[in-house]
Each structure stands twice: as structure tokens, then as C-alpha cells.
Amino acid sequence: MNKFMAKIVVLIFALVLLSPFVVNAVRGVMGSSATAIDLVLPESGECVKDKEYMRANHMDILKEARVKTVRDGVRIKDYSLKNCQTCHTNRDEFCDRCHNYVGVKPECFECHHFPTSKERKERCEGN
Amino acid sequence: MERRDFLKLGGIVAAAGAVAPASSLLYASKVESKNGNKYGMVIDLTKCDGCGECVSACRTANNVATFPDEKINNHLLRIAHVKSKFPNSQEQAIPLMCMHCDNPPCVHVCPVKASFVRKDGIVLIDKHRCIGCRYCMVACPYKARSFVFKHHEGSSNPEVPKTMHGVVEKCEFCVSRVDHGQLPVCVETCKKGVMSFGNLNDKDSQVSRLITSGRVHRVREDLHLGAKVYYLGL
């Protein structure tokens, strides 16, 4: 009886240990959208550089443009944070959603004005 | 591979690494800012009555927050009311701001090189870099700099970034406006024409002509800091 109990305990332990793998495997088979994030893309679909490049390097572009702007006063409109807003009108549905997903906390928006969809709506109603 | 060959190869790789230029993402050719300009301001105190319109315009345009606690309210531009000790002397209003020195003590003391002088002579703070140590505030003889103590929501002028709490702020001659060919807000607001802003290197500019008239003074000229804000009738 003791041996039987030990077997059951080992089995339960193994199940608990493997449960995350099992759950993920089942999710994968079911085709769940656990990995995809729902971003609201602008209508025009054209950015200053191609999509893949921007996805990987937009932070470096912004950083370099920042240094050039602050230190040398060279203001190139294409690479400014202000220019992003012309197409990406809703910060919360595009920038924030992805930043939250990958777990980064850029501090750009603490000072630089980049309206969320809610703020934009409020302003439109105000006018 | 022999030891000798290995060392040779190592040398070549190191040399190549040293010679290879730092790659730039955006700027293929080195873009220079407008050279040869040196911005300055002349303030005609005989016209100023201290109405304070420039101060409020400055605060709105540069997202300077107003707190109920007067102690932590910052002023990029402020108006001092001065009265001399002679009998029957009248009170004089003097707009004071960052003097944008040629040889600024605030820049020398900054431990992280956040403060710097731009090529056109405007003294700036890289607020991304500032650690809020406030050495510059101690160093500045004009008390032109102030520390943002508290977080504030919203911005009165979304065109310009506001200053985060924990960072030093000061008058920047409205750089973004100047870069786009506009005048600083205080100059534009003043209807009495007290302030004039322009290129000191250009001999025909209004500021240069006022300075060469010989009646201008600077605040604390004895410090030899090369301030670029001049006063008429000081």
C-alpha cells in the first residue's frame, strides 16, 4: 500500500511539473492567439522606413534624432516623435500595447506630448 | 597558424576596427547646424513697465507648471522690481532670465555634461541626461535655473515637451521656435517692444545696432561671463 501511495504522489508531482508544457502544447494545437498582440495600424501603411526595420530599430532612430536635435539643433521632421503622430494617432493602441507586451517602459511620453485615443477624443469633443 | 601570423592577423583586425567610422542610422552626410549665428537679446528697460505679460506667455509656451505652493513654482523668466537708495527714485522693473553666457559656470560644473553651449551660443540642458544634482543652480550667479520638484499632469503647449520632475529647467531662448525661424515667445508677446532678439554676429541686426550704440550694460559684467542678454537703461 505504501508503494502504491508513493507511485501516486510521484505521478501527481510529474503532472504538476509538466502542466505548463502541456497547456502550451494544447494551446499551440488549438491555434490560440496568445502570442499575437492586437495593434491598431494606421491606414496609410507607409512609414519612413520599411516595417521590419522600424520594428527593430525605431528606438535607435529616435535616440539619434534626439541627440542631433538637442545638441546640434538639426531638426529633421521625418525622424521626429512628432512626425510619428501624423499616422500613429493613438498611442495606447499602438505604442503602449506593444511596449507593455514586451515589458519595456520608455519614458518618452512623460514629457513629449503624444495623445492617447481617449485624449484625442476629448479634444475633438471639446472643439 | 604560427604565433607570428596570429599576432599579425590580430593587429590587422584591431586596426580595421579603429579606422571603421561610427555608423549613423539617419545622417549619411554630417549635417551642420546653422553656423556663424550667435543669438542674443537686448532689453530696453526704459520701455518696460513690468506688466508681466511676457512672464505668463513664457510659462504657457514652455509648459511651466503652476502649483499652489508658491515655493516650488518655477520661473524661466521673471521680473525683478528694483529701487535705488537715492531719495525720490522710481521703482524699475527688470525682466531677468538665463543670460546665455559665452563662458557659463553652469556648464563647467555639470558632472554629466547635460548642460552645454550650442554652436549658436544658446546654453541648453539636455533634459534626457540631467540627473538633477543641482550643481548648476548653485553655480549660476543669475539664479536663472530652477528645479522641477513635482510631477504635473498635462501640458499647456503640446508642441513643446514639458520638463519631468527631478530635472533642472531654465530659459532656452525658445530653441524650437528659433530653429524654425521664429522669435522667442517673450519677444513676440511684448507689445511695447521692450525686448529684441537677433543674431549678434550680423552687424545689421537690430540687436547689434543697439549694442554698438554703446548705452548697453549687462548684469554682473564684472564676472566676465560674456552674457548675451544686454540691458538698455540699466
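Chain identifiers are assigned alphabetically (A, B, ...) following the order of the sequence lines, protein sequences preceding nucleic acid strands; residue numbering begins at 1 within each chain.
For the pair B:R220 and B:Y142, the cation does not sit on the ring face, since its NZ or CZ is not both under 6.0 Å from the ring centre and inside 45° of the axis.
Interface remark: A:R71 contributes backbone and side-chain atoms alike to the contact with chain B (heavy atom separation under 4.5 Å). Contacts of B:S155 with chain A are made by side-chain atoms alone, with heavy-atom separations under 4.5 Å and no backbone atom involved. For a residue to count as touching a neighbouring chain, one of its non-hydrogen atoms must lie under 4.5 Å from one of that chain's; by this rule B:H128 touches chain A with the side chain only.
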Next on the checklist: For a side chain to side chain contact (heavy atoms under 4.5 Å, CB included) check, start with the C-alpha distance between A:I76 and A:K68, then their side-chain angles and the critical distance, and finish with the verdict.
Outcome noted: CA-CA 9 Å; A:I76 293 182; A:K68 273 278 167 190; over 6 Å; no
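With sequence neighbours left out, the side-chain hydrogen bond (donor to acceptor under 3.5 Å, both in side chains) criterion links A:R91 to A:D96.
Across B:I211 and B:L200, no two heavy atoms sit closer than the pair CD1-CD2, 3.5 Å.
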